[in-house]
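Written below as structure tokens is the structure these notes are about.
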Amino acid sequence: DTGVSQDPRHKITKRGQNVTFRCDPISEHNRLYWYRQTLGQGPEFLTYFQNEAQLEKSRLLSDRFSAERPKGSFSTLEIQRTEQGDSAMYLCASSQGQGVDTQYFGPGTRLTVL
Amino acid sequence: AQSVTQLGSHVSVSEGALVLLRCNYSSSVPPYLFWYVQYPNQGLQLLLKYTSAATLVKGINGFEAEFKKSETSFHLTKPSAHMSDAAEYFCAVTLSGSARQLTFGSGTQLTVLP
């Protein structure tokens, strides 16, 4: 299976701890997106990479959040000093980067902050 | 800025009945529109997309949607519901010339009754 993969699938942490999520996009997809989805809501855009360059960040992405895509392949999303309000599903998507290309989503990482 | 409104957070239909899920968009420029489906504990899967070609778009699993500019709508339909169609459905919009970040509606949970 060469779809988008995310690790871990579930993460439970205590308030104040740091967490890091990984996303492996579909091979040779230039664009990579992070979204956050809370219960009963649609996904909300967090940030976007074109290759290794982070080109856009949402206002939802506070300074406790940082994302990287160091070699233009996999990406990591780190949340520092987690808060209970950070509990959500974090979704990663990738696309080829041509025209109105389709975003392919991974299964997500469900974060629970106690 | 663009936005999407999905009317009806929960829709129930009988097996074999018509499925109609409503989506209205707001956009200052020509939009691109998408329908995604999400099964429990899974990522989002693209059903279909409108990219300014034909206004009637056919997707996977027998779904289709019609872009109506005058009504700013992109409703999703399926002539005959199957039990396997039970899932959450999200309408999303992105703008031509943008970074392609998707703006999602809040979703419609479809229940199919035997």
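Here is how names work: the chains are called A, B, and so on, in the same order as the sequence lines, proteins then strands, and each is numbered from 1.
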Segment of L44(B) engaging chain A (4.5 angstrom heavy-atom cut-off):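 Both backbone and side chain.
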Looking only at heavy atoms, which two atoms of F104(B) and P43(A) are closest? And how far apart?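 For F104(B) and P43(A), the tightest heavy-atom pair comes out as CD1-O, 3.4 Å.
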Counting N and O atoms only, with roles assigned by atom type, does the side chain of Y35(A) sit under 3.5 Å from a partner on the main chain of L102(B), one being a donor and the other an acceptor?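 Indeed, once roles are kept as given, a pair shorter than 3.5 Å links the two residues.
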In terms of heavy-atom pairs under 4.5 Å, which option from E88(B), Q42(B), K49(B) contacts chain A the most?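 Among E88(B), Q42(B), K49(B), the one with the most close pairs to chain A is K49(B).
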When hydrophobic residues are tied together by side-chain contacts of less than 4.5 Å, even through go-betweens, does [X] share a cluster with [Y]?
{"X": "F67(B)", "Y": "V57(B)", "answer": "yes"}
{"X": "L77(A)", "Y": "V19(A)", "answer": "yes"}
{"X": "Y39(B)", "Y": "V11(B)", "answer": "yes"}
{"X": "F90(B)", "Y": "V93(B)", "answer": "no"}
{"X": "L47(B)", "Y": "V13(B)", "answer": "yes"}

Would you mind checking which part of Q37(A) comes under 4.5 Å of any heavy atom in chain B, side chain (CB onward), backbone (N, CA, C, O), both or neither?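 The side chain, not the backbone.
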Does any backbone or side-chain atom of L91(A) lie under 4.5 Å from a heavy atom of chain B? Answer side chain, backbone, both or neither.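 The answer is the side chain of L91(A).
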Near-ring test F105(A)/Y36(B), centroid separation under 6.0 angstrom: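 Between Y36(B) and F105(A), the centre distance is under 6.0 Å.
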Interatomic spacing from OG1 in T103(B) to CD in E44(A) - rounded to 0.5 Å: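 The distance works out to 10.0 Å.
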Just wondering, are more than 12 heavy atoms of other shown residues or ligands nearer than 6.0 Å to CD in E68(A)?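 Open: at most 12 neighbouring heavy atoms sit under 6.0 Å from CD of E68(A).
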